[in-house]
Visitor: 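Supplied in structure tokens, the structure appears directly below.
Please read all numbers here as calculations on a predicted model, not as lab measurements. Residue numbers begin at 1 in each chain, while the letters A, B, ... track the order of the sequences.
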Amino acid sequence: MNKSGDVGATEAELIRARRNKLEELRSAGNDPYAHTKFERTYPIVEARLAHEKLAVGEHSGHSVALAGRLQPLRRMGKKIVFADLADQSARIQLYFRAEQMGDGFALVDLLDRGDLVGVRGEPFRTKTGELTIAVKEAVVLAKSLRPLPEKWHGLVDPAARYRHRYVDLMVNRPVLDTMLTRSRIIAALRRYLDERGYVEVETPTLLTIAGGANARPFATHSHALDIPLQLRIATELNLKRCVVGGIEKVYEIGRTFRNEGIDRTHNPEFTMLELYEAYTDVEGILQLCEGMVLTAAHAAGVGAKHEYDGKDLSFAPPFARVRYLDALASWGGLSRDDVLDESKARAAAKRLKIELEPGASHGHVVDKIFEETVQPHLVNPTFVTDQPVLLSPLAKRRRDDAQLVERFELFISNMEIANAFSELNDPDDQRERFAAQARERAAGDAEAPEPDWDYVHALEYGLPPTGGIGVGLDRLIMILTSQGSLRDVLLFPMQKPEERA
RNA sequence: GCGUCGUUAGCUCAAUGGUAGAGCAGCGGACUCUUAAUCCGUUGGUUGUGGGUUCAAGUCCCUCACGACGCACCA
């Protein structure tokens, strides 16, 4: 029987061993949970920068206070312990020496990997060249009671990583770094837009009719109003209502919900940046979009060349541009009529051996053909422009070609990242396109959106000529942080609940 | 929703149908500049769930749960 209790190695026993140490700390008058604050000199990264120039063997001559989570301890006999301390910013080595700490050294025996500690001590550089804190005083700020995953492999089981993300974050540093980069990217985009006079707004997530995109919404219910509600599938219609009202450069970065499949590139809730600007058109938005992507890349530390998914991407502006019909012609061998004529499009799909759902609409057929023939070629950032109107119910027709619209989609690494167009502002045209959707819906197409007639009402007051864009931020971040799955750029991706026994 | 693969100690992983193992972590010991510290000793298991086949199942078959990947839906 030792002072921590002679215990085995079941999970319960590992926890008991740590609880025993907690009790010892308490009986020595050092209850970890009694602390309310700890004054740090600075985050660890700043401690590192401040002592960069310390020579091997040199001591700084002054004391600093740092706090963080203990990473592996290396015990060298009864009188010396090395450990690593990690905070949000970085890690640094700690050096506990009995001679130096006096009675305080007794506490070192009660430390475990995972404990949150505050230390005061002198920075110095060891003879192996590592910047280290020679600890004079240490205090446990919270005892970690659960055993941590292995120090070398970390936590790898995906289910455990997503369900217990806090563990993933504390033992797998790159995961934390990715999440911090995500935050930096979004902050940089916000700054970029704010500097250019765009106004950030927040529009409702709960709506009576979720419109502005083709997607199945989540359904919910208001007890107070006793009415069914839907979670938004886009912010588009409300943002354009803002433009009607006079907010000329408006954007929202917000969560959008779509009740559909989940895979590497789809999560039921995702973050979209939608932006609308009065008195500009799709070309103005294209320029802005390129600027936003480059800003995001810069924030992520990505330069002109970036490897993703085994492919070399070039972020050097200007990004490539290709017209929708030209792309289908060169990669799919399709003529304009093969696309725009419904029966010819169906014949083309058949020729290309593309499988289609029985009730697939003309738009769906064309979309599918594009996906199969063109999309695999769109590796470098590429703007695909001038889509057919039949794919674009909210976009303005081209003046030189009424069957096409002023629109672009940005593809990177074969994924659609952004979708933009000159907004349709003709209320009569909009009403007719909504009516067509209503007919599709009545015919049994559950995906066809329910028309939002108040939006037409708003257009009747006059929407200025407006350019707008939606950017899937999660996907952009996934590419810029070199992650293979949306799940790896979301702190808490959707997981099925574990069944309770 | 369909298909393929996976699930073994706290973590990372082994194990021809024939006595469930290792490394890390833990515990005990040695060690005053280590960094995946090292060395000696040692504890720890309802092999995801429920059934079946078999003298015998971690291993073969079926069910269910969860996960990864692919397909479908979608961005």
Visitor: According to a 3.5 Å limit on both distances, what stems of 3 or more consecutive Watson-Crick or G-U pairs are formed with RNA chain B?
Guide: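 RNA chain B forms these stems: B:1-7 with B:65-71, B:10-13 with B:21-24, B:26-30 with B:38-42, B:50-52 with B:60-62.
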Visitor: Check every atom of B/C11, B/A72, B/C66 against the side chain of A/R163 and return the nucleotide holding the closest atom.
Guide: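 Nucleotide nearest to A/R163's side chain: B/C66.
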Visitor: Relative to the 5' end of RNA chain B, which residue comes earlier, A/K496 or A/K127, by the nucleotide with the nearest heavy atom?
Guide: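 It is A/K127, whose closest nucleotide lies nearer the 5' terminus.
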Visitor: Regarding A/R407 and A/E409, does a basic nitrogen lie under 4.0 Å from an acidic carboxylate oxygen?
Guide: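 Looking at A/R407 and A/E409, the cut-off is met.
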Visitor: State whether the distance check finds a donor on one side and an acceptor on the other, under 3.5 Å, for side chain A/E130 versus base B/U34.
Guide: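 No such pair is found, so the answer is no.
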Visitor: Of all the nucleotides listed (B/A75, B/U35, B/C66), which has the minimum atom distance to the side chain of A/T126?
Guide: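 Nearest to the side chain of A/T126 among the choices is B/U35.
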Visitor: Under 5.5 Å between ring centres and under 30° between planes: true for A/F82 and the base of B/A37?
Guide: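 No, A/F82 does not stack on the base of B/A37, since the centre distance and plane angle fail the 5.5 Å and 30° test.
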Visitor: Could you go through nucleotides 22-25 of chain B and list every protein N or O atom that sits under 3.5 Å from one of its N or O atoms, giving the distance for each pair?
Guide:
| unit_1 | atom_1 | unit_2 | atom_2 | d |
| --- | --- | --- | --- | --- |
| B/G23 | N2 | A/E150 | OE1 | 3.3 |
| B/C24 | O3' | A/K151 | NZ | 3.3 |
| B/A25 | OP1 | A/K151 | NZ | 2.7 |

Visitor: Of the candidate nucleotides B/G70, B/G67, B/U12, which contains the atom at the shortest distance from the side chain of A/V156?
Guide: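 Per side-chain heavy atoms of A/V156, the pick is B/U12.
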Visitor: Tell me which nucleotide among B/C11, B/A75, B/C69 gets nearest to the side chain of A/L486.
Guide: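 When the side chain of A/L486 is considered, B/A75 is the closest of B/C11, B/A75, B/C69.
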Visitor: Among A/F319, A/Y324, A/F370, which residue meets the ring pair (Phe, Tyr, Trp, His ring centres under 6.0 Å) test with A/F411?
Guide: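 Considering A/F319, A/Y324, A/F370, a ring pair (Phe, Tyr, Trp, His ring centres under 6.0 Å) with A/F411 is found only for A/F370.
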Visitor: Pairs in or reaching into residues 475-486 of chain A: which pass salt bridge (Lys or Arg N to Asp or Glu O under 4.0 Å), with residues at least two apart or in two chains?
Guide: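 Every pair satisfying salt bridge (Lys or Arg N to Asp or Glu O under 4.0 Å) with a residue in residues 475-486 of chain A: there are none.
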Visitor: Are A/R161 and A/D488 within salt-bridge range, i.e. N to O under 4.0 Å?
Guide: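 Salt bridge present between A/R161 and A/D488.
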Visitor: Can you list everything that forms a ring pair (Phe, Tyr, Trp, His ring centres under 6.0 Å) with A/H59? Sequence neighbours excluded, please.
Guide: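 Scan of A/H59 (ring pair (Phe, Tyr, Trp, His ring centres under 6.0 Å), adjacent residues dropped) gives A/F124.
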Visitor: Which one, B/C27, B/G10, B/C33, comes nearest to the side chain of A/Y95?
Guide: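 Out of B/C27, B/G10, B/C33, the nucleotide with an atom closest to A/Y95's side chain is B/C33.
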Visitor: Can you figure out which of B/C73, B/G67, B/A75 approaches the side chain of A/E416 most closely?
Guide: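 Nearest to the side-chain atoms of A/E416, counting from C-beta on, is B/A75.
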Visitor: Please list all pairs passing the salt bridge (Lys or Arg N to Asp or Glu O under 4.0 Å) test where one or both residues lie in residues 45-63 of chain A, with sequence neighbours left out.
Guide: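 Pairs touching residues 45-63 of chain A that pass the test: none.
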Visitor: Out of B/G26, B/A72, B/U32, which has the shortest distance to the side chain of A/D263?
Guide: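 Nearest to the side-chain atoms of A/D263, counting from C-beta on, is B/A72.
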Visitor: Pull out every protein N or O sitting under 3.5 Å from an N or O of nucleotides 4-8 of chain B, one pair per line with the distance.
Guide:
none

Visitor: Taking only Lys NZ, Arg NE, NH1 and NH2, and the carboxylate oxygens of Asp or Glu, determine whether A/R146 and A/E11 approach each other closer than 4.0 Å.
Guide: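 Between A/E11 and A/R146 there is a salt bridge, with a charged N closer than 4.0 Å to a carboxylate O.
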